[in-house]
There are 4 protein chains.
Amino acid sequence: MPKVVLEYKEEAKRRIVKHAMKLFSERGYYQTRMIDIANSMGVSKGAIYQYFSSKYEILIAVLEAHTTLREQEVRSFLDSGLSSLATGEFFDRMLAIRMSTPPLGPDIFREAARNKSLMEWFRINSEKWLQEFVDLLNEQKKDGVIRSGVDTEPLARGILALRDGLYSSLSLGTDIAKARTAWVEIMRILLKENLDEA
Amino acid sequence: MPKVVLEYKEEAKRRIVKHAMKLFSERGYYQTRMIDIANSMGVSKGAIYQYFSSKYEILIAVLEAHTTLREQEVRSFLDSGLSSLATGEFFDRMLAIRMSTPPLGPDIFREAARNKSLMEWFRINSEKWLQEFVDLLNEQKKDGVIRSGVDTEPLARGILALRDGLYSSLSLGTDIAKARTAWVEIMRILLKENLDEA
Amino acid sequence: MPKVVLEYKEEAKRRIVKHAMKLFSERGYYQTRMIDIANSMGVSKGAIYQYFSSKYEILIAVLEAHTTLREQEVRSFLDSGLSSLATGEFFDRMLAIRMSTPPLGPDIFREAARNKSLMEWFRINSEKWLQEFVDLLNEQKKDGVIRSGVDTEPLARGILALRDGLYSSLSLGTDIAKARTAWVEIMRILLKENLDEA
Amino acid sequence: MPKVVLEYKEEAKRRIVKHAMKLFSERGYYQTRMIDIANSMGVSKGAIYQYFSSKYEILIAVLEAHTTLREQEVRSFLDSGLSSLATGEFFDRMLAIRMSTPPLGPDIFREAARNKSLMEWFRINSEKWLQEFVDLLNEQKKDGVIRSGVDTEPLARGILALRDGLYSSLSLGTDIAKARTAWVEIMRILLKENLDEA
DNA sequence: CATGAATGAGACTTCATTCAT
DNA sequence: TATGAATGAAGTCTCATTCAT
């Protein structure tokens, strides 16, 4: 197949994945019909089957793309350094990135769990990201900014869990301002304990 | 209708809700067929319609029951006092309670959102529980155990978000031991900052 | 079985038939559920099965009872003599009788058509009644009241058809007063032609 | 949407309505399953839902089409003039037209009664047709062919009721020849009274 | 390549009938 | 006998997928 056609196919798949991801995130996998994806793109149902052989294939592609997009979030987190972590601006910036790649519901992960290699890839990714965060904390520790008694791995895990917990509380009706304040307060305590206590 | 019959009907509804809750939690609302609930109970699907006029009615009842059951968790949290909060035993006890009423996916909340009064009831419950937790922290603060500079509302919100974030990470494959350690470490820092800093 | 019990059973069957006939006439056979009949009588579904082994058996009994009740109408028709036929009072009297045994829809006859002997009984009844009407007209003819050139059998058939056509137009919204006037006018012409033309 | 597609959709709907009308008329609305309509057309049941969103929508369309087809019958009636009315040929011609659009049972009208505007359209149509017939009789009356003492509105109503009564007697087993004779005899009397009595 | 009509498996729901109490 | 909970066949409707144009 000529290169141009291949590229076109890739571009088409990307467009499908983009629209499907939005719909899956908004309505869930089972509540999204093939025709919803097609309508959202302004094409016909049949066209989608030129690029994906089933709805399940789209789901797999959506999850892969989702993970890739989420890497951005991780990078921002890591690139920010630790100093700005305990600020409302950081919370908002992270939230904006997360919203641009909204969370996928458990229905999607349940379906995807049939695909062992995909699940393994997820796990490895998550661990890699966590480890990078831990490494960053360890550097700070080595520099004496975090005192030696603190275990950085649980700290990293806790910070990420706090972030996820606050973001998910938003979809249950919590006010953004209140979630932001909680983040700032908790992070201040956590980092004060670790950074300032000289 | 005689009282005995009414009681039987209530008991039957409770049994249906129990089985439905388990299935909804495991597979999600749309992936649970009426026949799954029936099979799980060892009855025919027709029987269920004696007690609920539609699958949606079951969903509403499941959510109400879920909220009621979750109140237990809240009570344990509040009854524990603050001293045991930063322990692995506390984490495990809470986790056991949460597992006995496993989380419901967003598909269920999406459907239930059609029921305005139910949603309002949820919101009011959540706020009430959060407020009780805040009150408890405020007492500690009044007693001087938490120093005056700390805002207890964000603190309470953050602790609950941390708990939720850690629990949900478990379903994505995180090791329980690691989540427990994270809880203990973070809570130690949070409470040390507030309680021990004399 | 003792006679008293038999009589009780007959009475019970009659009550069921009465309620079923009303409902079948109002809603049709398929739109009437067994529980509707039971509720209408203030008994339970199960009780009905003590007296009829199926819904179809009730239908047969309803049709038999209906035919028997309709005989009243026929008798009134025949007993009135011919002189009062062309009056609004006659029309109203017949209508009242017909309303007391409201018409059964085609769904019921369609079902009953499976029962050959019942259908045969209907046919024979109808013919018998028509013949009695014809005989009456023939007597009038013999007395010279109806002139010899008129064929009484078609006349009888036409008068009955006119009656049925007018009554059924009522259920499609025709005003009773207008149907009554039509009856009187037409009957006046028909009988004037036959009776007065001396 | 291109015109060609629209036309195809219209044609498909017409085909569905045609088959549904036949089945509704033969078996009644509730006894006709969607799969019966589909089988009758040689398509799958799913296909029908491309054109009608529910069985009830088909019912509405069937009733509209039925009324339109019935207009033919009315036109034949009116176009025939009054002279041929009292003939067996007229009876047969009308019967053929009616059979080509067989009557719909009360179950259908009961269902359709939910649709107020449709019911209103029926009523207006019926009245319009009756009025046209009355106008025709009035013309004859003005020409002196019907004498002045006769009220044409009841006469028209009676003739239509006679026709309906005779046609419906056919479905209860009456011999066509006998119904035809009754029509001719009665109409002869009615029109002789009105036309010949010079 | 794109379209959308058609297919048919499968979900929810109804209701005549049975049967333990 | 009476009750009403339970059964399961059957009906309406949905939607992923196929395929002729």
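Just so it is clear: chains get the letters A, B, ... in the order the sequence lines come, proteins before strands, and each one is counted from 1.
- Taking CD1 from I35(B) and OG from S40(B), the interatomic distance works out to 12.0 Å, rounded to the nearest 0.5 Å.
- Applying the Watson-Crick and G-U wobble criteria (two distances, each under 3.5 Å), dA10(F) pairs with dT13(E).
- When distances are taken from the side chain of S44(D) to each of dA5(E), dT7(F), dT7(E), the shortest belongs to dT7(E).
- Y51(D) comes within 4.0 angstrom of sugar-phosphate atoms only, judged by non-hydrogen atoms across all strands, and of no base.
- Taking atom CD of E10(D) as the reference point, atom P of dA5(E) lies 12 Å away to the nearest angstrom.
- With dT7(F), dT3(F), dA16(F) as the choices, the nucleotide that has an atom nearest any side-chain atom of K55(A) turns out to be dA16(F).
- Using a 4.5 Å cut-off on side-chain heavy atoms (C-beta onward), M119(B) and R123(B) make no contact.
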Tabulate atom names and distances for all N/O pairs under 3.5 angstrom spanning the protein and nucleotides 18-20 of chain F.
none

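- If you take CD1 of I37(B) and P of dA11(E), they are 13 Å apart, rounded to a whole angstrom.
- Nearest nucleotide to the side chain of Y8(B), out of dA5(E), dA2(F), dA5(F): dA5(F).
- Within the 4.5 Å cutoff, the side chain of N115(A) has heavy atoms near those of the I60(A) side chain.
- Atom CD1 of I48(D) is separated from atom P of dC15(F) by 18 Å (rounded to the nearest Å).
- Between the C1' atom of dT17(F) and the CD1 atom of I58(A) lies a distance of 12 Å, rounded to the nearest Å.
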ask   = Could you walk me through whether D36(A) and H19(A) pass the side-chain contact (heavy atoms from CB on, under 4.5 Å) check?
value = CA-CA 9 Å; D36(A) 294 327; H19(A) 287 267; over 6 Å; no
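- The pair E10(B)-K13(B) fails the salt-bridge criterion, with no side-chain N (NZ, NE, NH1 or NH2) lying under 4.0 Å from an Asp/Glu carboxylate O.
- Sorted by first and then second residue, the ring pair (Phe, Tyr, Trp, His ring centres under 6.0 Å) pairs involving residues 20-70 of chain D (not counting sequence neighbours) are F24(D)-Y29(D).
- Computed from coordinates, the I16(C) CD1 to dT1(F) P distance equals 12 Å when rounded to whole Å.
- In this entry dA20(E) has dT3(F) as its Watson-Crick or G-U wobble partner, both defining distances falling under 3.5 Å.
- Nearest nucleotide to the R33(C) side chain, out of dA6(F), dA16(E), dC13(F): dA16(E).
- Residue-to-nucleotide proximity on DNA chain F shows that, of Y29(D) and Q50(B), the 5′-proximal contact is made by Q50(B).
- Atom CG in N39(A) sits roughly 13 Å away from atom C1' in dT3(E) (whole-Å rounding).
- Residues L63(A) and L118(A) form a side-chain contact, since some pair of their non-hydrogen atoms from C-beta on lies under 4.5 Å apart.
- Note: CD1 (I35(B)) to C1' (dA11(E)) measures 10 Å, nearest angstrom.
- Projected onto DNA chain E by closest heavy-atom contact, T32(B) and Q31(C) fall at different nucleotides, the more 5' of which corresponds to T32(B).
- The interatomic distance linking Y30(B) (OH) with dT14(F) (P) rounds to 14 Å, in whole Å.
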